[in-house]
Amino acid sequence: MLLRLPTSVSEAQRYLAEGAVPIGGATLVWATWQRDGFPEQAMSLRNLPEANVVEPELLGGAVVLNEIGDRMPEVLRRAAATVGTGAVRRTATVGGNIVGSSLRCLLPPALVLDARATVLETDRVRETDLAEVLAKRHLILSLRWRDPIVSGYTKLDAEAGGAPPLVVACAVHPGDGGGPRHLRVAVRDGHEVVSDGVVCEGDAPQVLDALRTTAVGTLPSAAWDVVSEKVTDVVARAANG
C-alpha cells in the first residue's frame, strides 16, 4: 500500500482522483484491511495545513482528538475526551470520527454547535451541512461554527461490548439580530442520533415543554430524563452568564 501525504489541496485532490482512500488516523480501517486486503493507495491529511487548524470556531478534520483543548466549546472538548482510550485519542481524527465511525461521538456536539463542514472533492472545495456530509461520506477539511453562550455534554456509562452509551449534547446560542436565544439538543440513543432545537425563552420547565414537541421529545423516558437534566443545567448557566 502506498501512503500519500499531501501538503496542498491540489495535491490531495489529485490523489483522490487517482483512487487514494482517505484513512484519518486509520483506527477504524486497519483491522478491516488486515482481514480484507489493503488498497493500492491511501491518503492521510496530517500534513495538509487546511485540515489541521485549531482556532476559535474552526477545527480541522485531521486534528486528533487529544488536541481538542480549551479553545474549543465545552461540548466538543468533553466529547473528544471520552472517546476510546488515550492511545485512540492520540490517533483518531475529527473527520474520521464523524464520517467513518459507527458511533460518531463528535456528531452530537457538532450538531448542537450548528457546525458546517468544508469538504474536499476531486474538483472543488466547498461548504455544506452535516446531513450531506454523512449521506455522501465526504472528506472533511474542517468544521466551522459560531461559539454558543454555554454548552454541555453527558455520556452515560456502558458495559463493554454492550449497546452504545447514551449521549446528550446541548448548546444555547445568542439570537440573530437581537432576537431570542436558541437551544439546540442532540441525542445519540443506540446508533441513532436525534437533533432538534427550540427558542430558549423563560425558565427550564418552559424550554423543556417546547422541546417536548420536537423529535427529541419522542425519545424513551430514560433518555428524556437525561435530556431534562442537561437542558436544565445549560439553561440555568445561560441565564446566569
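Start at 1 with the first residue, then count along the sequence. None of these values were measured; they are calculated from a predicted model.
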Apply the test side-chain contact (heavy atoms from CB on, under 4.5 Å) to residues L3 and I23: give CA-CA distance (whole Å), side-chain angles for both, the deciding distance (0.1 Å), then the verdict. CA-CA 9 Å; L3 177 61; I23 62 169; 3.8 Å; yes
Apply side-chain contact (heavy atoms from CB on, under 4.5 Å) to residues V234 and I149 and explain how you reach the verdict. CA-CA 9 Å; V234 297; I149 299 169; over 6 Å; no
Give the intermediate values and the outcome of side-chain contact (heavy atoms from CB on, under 4.5 Å) for residues R237 and D233. CA-CA 6 Å; R237 286 195 283 134; D233 171 63; 3.2 Å; yes
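The same ILVMFWY cluster, assembled from side-chain heavy atoms under 4.5 Å apart, contains both V133 and L76. A continuous path of hydrophobic side-chain contacts links L107 to V119 [ILVMFWY only; heavy atoms under 4.5 Å]. By the rule that hydrophobic residues join a cluster once side-chain heavy atoms approach within less than 4.5 Å of another member, L143 and L139 end up as members of separate clusters. Both Y15 and V125 belong to a common hydrophobic cluster when Ile, Leu, Val, Met, Phe, Trp and Tyr are linked at side-chain heavy-atom distances under 4.5 angstrom. Cluster annotation: V94 is not connected to V64 through the hydrophobic network of ILVMFWY side chains, with a link wherever side-chain heavy atoms come within less than 4.5 Å.
With sequence neighbours left out, R78 forms a salt bridge (Lys or Arg N to Asp or Glu O under 4.0 Å) with E74. With sequence neighbours left out, K155 forms a side-chain hydrogen bond (donor to acceptor under 3.5 Å, both in side chains) with no residue at all.
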Side-chain donor-acceptor contacts of residues 172-180 below 3.5 Å, not counting sequence neighbours, with atom names and distances?
from, atom 1, to, atom 2, distance (Å)
H173, NE2, V112, O, 2.7
D176, OD1, R146, NH2, 2.9

List the atom pairs, with distances to 0.1 Å, where a side-chain N or O of residues 51-59 and a protein N or O form a donor-acceptor pair under 3.5 Å, not counting sequence neighbours.
from, atom 1, to, atom 2, distance (Å)
N52, ND2, L45, O, 3.0
N52, ND2, R46, O, 3.3
N52, ND2, L48, O, 2.7
E57, OE2, D147, N, 2.8

Under 3.5 Å, which donor-acceptor pairs do the side chains of residues 218-225 form with other protein atoms, sequence neighbours left out?
from, atom 1, to, atom 2, distance (Å)
T218, OG1, A215, O, 2.6

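Atom OG1 of T93 is separated from atom CD1 of I140 by 8.5 Å, given to the nearest 0.5 angstrom. Annotation: the span from Y153 atom OH to C105 atom SG amounts to 5.5 Å, rounded to 0.5 Å. R104 CZ to L134 CG: the interatomic distance, rounded to the nearest 0.5 Å, is 5.5 Å. Remark: W145 CH2 to S151 OG distance equals 10.5 Å, nearest 0.5 Å. Rounded to the nearest 0.5 Å, atoms CG (L156) and CG (L166) are 5.0 Å apart. Going from atom CG of N66 over to atom CZ of R89 covers 8.0 Å, rounded to the nearest 0.5 Å.
Remark: of the listed residues S195, C170, C200, S195 is the sole one forming a side-chain contact (heavy atoms from CB on, under 4.5 Å) with R184. Partner of V193 under the side-chain contact (heavy atoms from CB on, under 4.5 Å) criterion, out of V187, L103, L111: L111 alone.
Listed by first then second residue, pairs satisfying side-chain hydrogen bond (donor to acceptor under 3.5 Å, both in side chains) with a partner in residues 114-133 read R116-E127, E121-R124, E121-R126, R126-E132, R126-H138, T128-E132, E132-H138, not counting sequence neighbours.
For CZ of R77, the number of neighbouring non-hydrogen atoms (other residues, nucleotides, ligands) closer than 6.0 Å is greater than 12.
Counting only distance, with no hydrogens or angles, the side chain of T91 and the backbone of A87 share a donor-acceptor pair below 3.5 Å. Looking at R188, its side chain never comes within 3.5 Å of a backbone N or O of P108 through a donor-acceptor pair. One N or O on the side chain of D203 and one on the backbone of Q206 form a donor-acceptor pair closer than 3.5 Å. Between the side chain of R137 and the backbone N or O of V99, at least one donor-acceptor pair lies under 3.5 Å.
The minimum heavy-atom distance between L208 and S228, with the atom names listed, is CD1-OG, 3.3 Å. Contact record, T214 with L211: OG1-O, 2.7 Å, taken as the closest heavy-atom pair. In terms of heavy-atom proximity, M43 sits nearest to P6 at CG-CD, 3.6 Å.
A salt bridge is absent between E11 and R4: the closest approach of a Lys/Arg side-chain nitrogen to an acidic carboxylate oxygen does not fall below 4.0 angstrom.
Put simply, the side chain of V199 does not reach to within 4.5 Å of the side chain of R181, judged on heavy atoms. You'll find the side chain of Q41 stays beyond 4.5 Å of the side chain of V21, heavy atoms only.
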